[in-house]
Each structure stands twice: as C-alpha cells, then as structure tokens.
Amino acid sequence: MKNMEESRKLSGKDLITIGIFSAIYFMLNLAAMFTGFVPVLWLLLPGVTGIVTGIPFLLMTAKVRKPGAVLIMGTITALLYFVTGQFTVLLLITFAIACILSELYRAVTKYDNSFTHMMISFVFFCYGMLGSPLAIWVYKDSFLAQIQQNGMSAEYVRSLSGLISTPMLIILCISPVIGGVIGALIAKGLFRKHFKKAGIV
C-alpha cells in the first residue's frame, strides 16, 4: 500500500515533464489566440486552441499518470497569462473549473491511459478557454468598448457585435468538444508509435 501511494506522488522528473509540456501548451495556446484577429475564429477560440494543443496535453498525461498533473499544467498556464496581462477573472474561473473537471475525470478513470479517456479529459480541459470569448456575452457593450479602446478597429468591433447571438453561443459551447477531439486525433496520428508503445489505443 505504501509503495502504491509513493508511486502516485509526483517526482522531480514528473514536475520537469509537466513544466516542459505546459510551456509548449502555453506557446501553442498563445499562437491560437492570434487567430482572434478574425472575429468568428475568436468566438470559436476554445475549439481552435483544442485543435493545436492536443499534442502537449496528451503526451504529458501519457507520461505522467498521477494526481495533480493537469492541475499543475492549468496553473502554469494561468500564471503565464496573468503575467502577460491577458487573464481576465472570467477566464480564470472557467479555466479553474475545466482543470478540476479534467483532473477529476482522470481520477475517476484511475488515470487509465486509453486514448478515449485521455481524449475526454482533454475535452474538459479545452473548456478552460471558454471564458475568453464568453466575456462578449457576459459584458457585451462594455467589453466591445474596451477592445476598441485597446486598438481594435471600429469595423472589427462591428463584425464581432454582429456575430453575438444565441446560436453562436451554442456553437461556442460545443467548439471545445469538436476542437478537443480533432486535437486528440492529430496527436494520436503524429505519435501513433509512441502511443502504442505506451499502451495507448
């Protein structure tokens, strides 16, 4: 029992692995945010980030099958965004909820390394970015005024405002599922040999 408990504790090597993949995740996530210059892509940001960040998340969870790995990755990402001044309170809340749900799912499935479980865990994690475009619906007029003051053109703001609707909100909420699945499949395709070696099918 004692050996089992010790095997679940994060080692120094695990923390280094989490740190490396978290940095890669953050850079890819940040790159995905630049697609926000196209209004409709910003509203679908959770799905877009899911597509491009599946590789670091799945590789990290494949290598570190222990409690806390996902929470640490989420915390590192949150801190990096906070330092760069891009982490709003709403985004912080959705990111915290998403990380907890992803971590809980991994715990319930006993950190099973089947591709399906890892993919579902990643989909939960993708919901963390929901808070970025969701701010448009929550704050709307004040938010649109703020981004225009921050340098966005009037044309961009008008285009963005025209996209705000209930159907688009539904699509936004579905986008992490679609993006997360695609991102996971891309990771599996690119690292098929590595996944098979690790027993991930």
Side-chain angles (χ1 to χ4, degrees), residues 21-58 70-102 119 121-187 190:
F21 283 111
S22 294
I24 296 172
Y25 172 86
F26 174 76
M27 294 305 296
L28 292 174
N29 191 300
L30 190 62
M33 290 191 74
F34 283 104
T35 64
F37 287 110
V38 179
V40 69
L41 290 181
W42 188 39
L43 295 182
L44 300 177
L45 183 62
V48 175
T49 55
I51 292 173
V52 302
T53 60
I55 293 173
F57 183 90
L58 265 71
V70 171
L71 283 175
I72 293 174
M73 174 178 267
T75 300
I76 290 174
T77 304
L79 288 174
L80 288 173
Y81 267 122
F82 180 77
V83 169
T84 58
Q86 298 184 53
F87 223 95
T88 64
V89 174
L90 184 59
L91 187 57
L92 182 61
I93 292 172
T94 57
F95 218 89
I97 293 172
C99 287
I100 291 171
L101 290 175
S102 181
M119 180 176 65
S121 176
F122 179 52
V123 167
F124 279 126
F125 194 74
C126 288
Y127 271 94
M129 293 305 296
L130 195 70
S132 182
L134 189 61
I136 302 173
W137 277 269
V138 176
Y139 306 115
K140 198 174 180 180
D141 293 338
S142 62
F143 188 85
L144 292 173
Q146 181 183 354
I147 62 174
Q148 188 164 2
Q149 289 175 3
N150 290 339
M152 289 298 182
S153 67
E155 182 181 353
Y156 179 91
V157 174
R158 283 196 299 271
S159 297
L160 194 61
S161 179
L163 291 170
I164 301 174
S165 64
T166 300
M168 182 56 74
L169 179 60
I170 294 172
I171 294 173
L172 165 63
C173 293
I174 295 173
S175 69
V177 177
I178 298 173
V181 170
I182 293 174
L185 291 173
I186 290 174
L190 292 176

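Every value quoted in this text rests on a predicted model; they were computed, and no experiment measured them. Residue indices begin at 1 and follow the sequence shown. Side chains are part of it too, since the values below use all heavy atoms of this structure and drop only hydrogens, waters and symmetry mates.
Between Gly128 and Thr94 the shortest heavy-atom distance is O-OG1, 2.8 Å. Contact record, Ile24 with Pro56: CG2-CB, 4.0 Å, taken as the closest heavy-atom pair. Ala32 approaches Leu45 most closely through the heavy-atom pair O-CD1, 3.8 Å. Summarising the geometry of Cys126 relative to Gly50, their closest heavy-atom pair is SG-CA, 3.6 Å, with the distance given to 0.1 Å. Closest heavy-atom contact between Tyr81 and Met129: OH-CE, 4.3 Å. Shown here for Thr35 and Leu41, the closest heavy-atom pair between the two residues is O-CB, 3.4 Å.
A distance of 12.5 Å separates CG in Leu30 from OG1 in Thr53, rounded to the nearest 0.5 Å. Distance check, rounded to the nearest 0.5 Å: OG1 of Thr166 to CH2 of Trp137 gives 9.0 Å. Note that CG of Leu58 is 11.5 Å distant from CG of Leu190, once rounded to the nearest 0.5 Å. In this structure, CE in Met119 is found 6.5 Å from CG in Leu185, a value given to the nearest 0.5 Å. Expressed to the nearest 0.5 Å, how far CD1 of Ile51 lies from CG of Leu44 amounts to 9.5 Å. The CE atom of Met73 sits 11.0 Å away from atom OG1 of Thr75, with the distance rounded to the nearest 0.5 Å.
Between Tyr156 and Gln148 the shortest side-chain heavy-atom distance does not fall below 4.5 Å. Side chains of Ile55 and Leu28 form no contact here, defined as non-hydrogen atoms less than 4.5 Å apart. Looking at heavy atoms from C-beta onward, Leu172 lies out of side-chain contact with Leu43 at the 4.5 angstrom threshold. Inter-residue side-chain proximity for Val70 and Phe124 is flagged as unmet; no heavy-atom pair is nearer than 4.5 Å. Between Phe125 and Cys99, the closest side-chain pair of non-hydrogen atoms falls below 4.5 Å. Between Val38 and Val40 there is a side-chain heavy-atom pair separated by less than 4.5 Å.
A donor-acceptor pair under 3.5 Å links the side-chain atoms of Ser102 to the main chain of Ser121, judged by distance alone. Tyr127 contributes a side-chain N or O that, together with a main-chain N or O of Cys173, makes up a donor-acceptor pair within less than 3.5 Å. No donor-acceptor pair closer than 3.5 Å links the side chain of Ser161 to the backbone N or O of Val157.
With Trp42 as the fixed residue, the side chain to side chain contact (heavy atoms under 4.5 Å, CB included) test singles out one of Val48, Leu160, Leu163: Leu160. In summary, of the residues considered (Tyr25, Phe122, Phe26), a ring pair (Phe, Tyr, Trp, His ring centres under 6.0 Å) with Phe57 occurs for Phe122 alone.
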>> Show, in sequence, the C-alpha distance, side-chain angles and deciding distance for Gln146 and Tyr139, and conclude whether the side-chain contact (heavy atoms from CB on, under 4.5 Å) test is met.
In response: CA-CA 10 Å; Gln146 181 183 354; Tyr139 306 115; over 6 Å; no
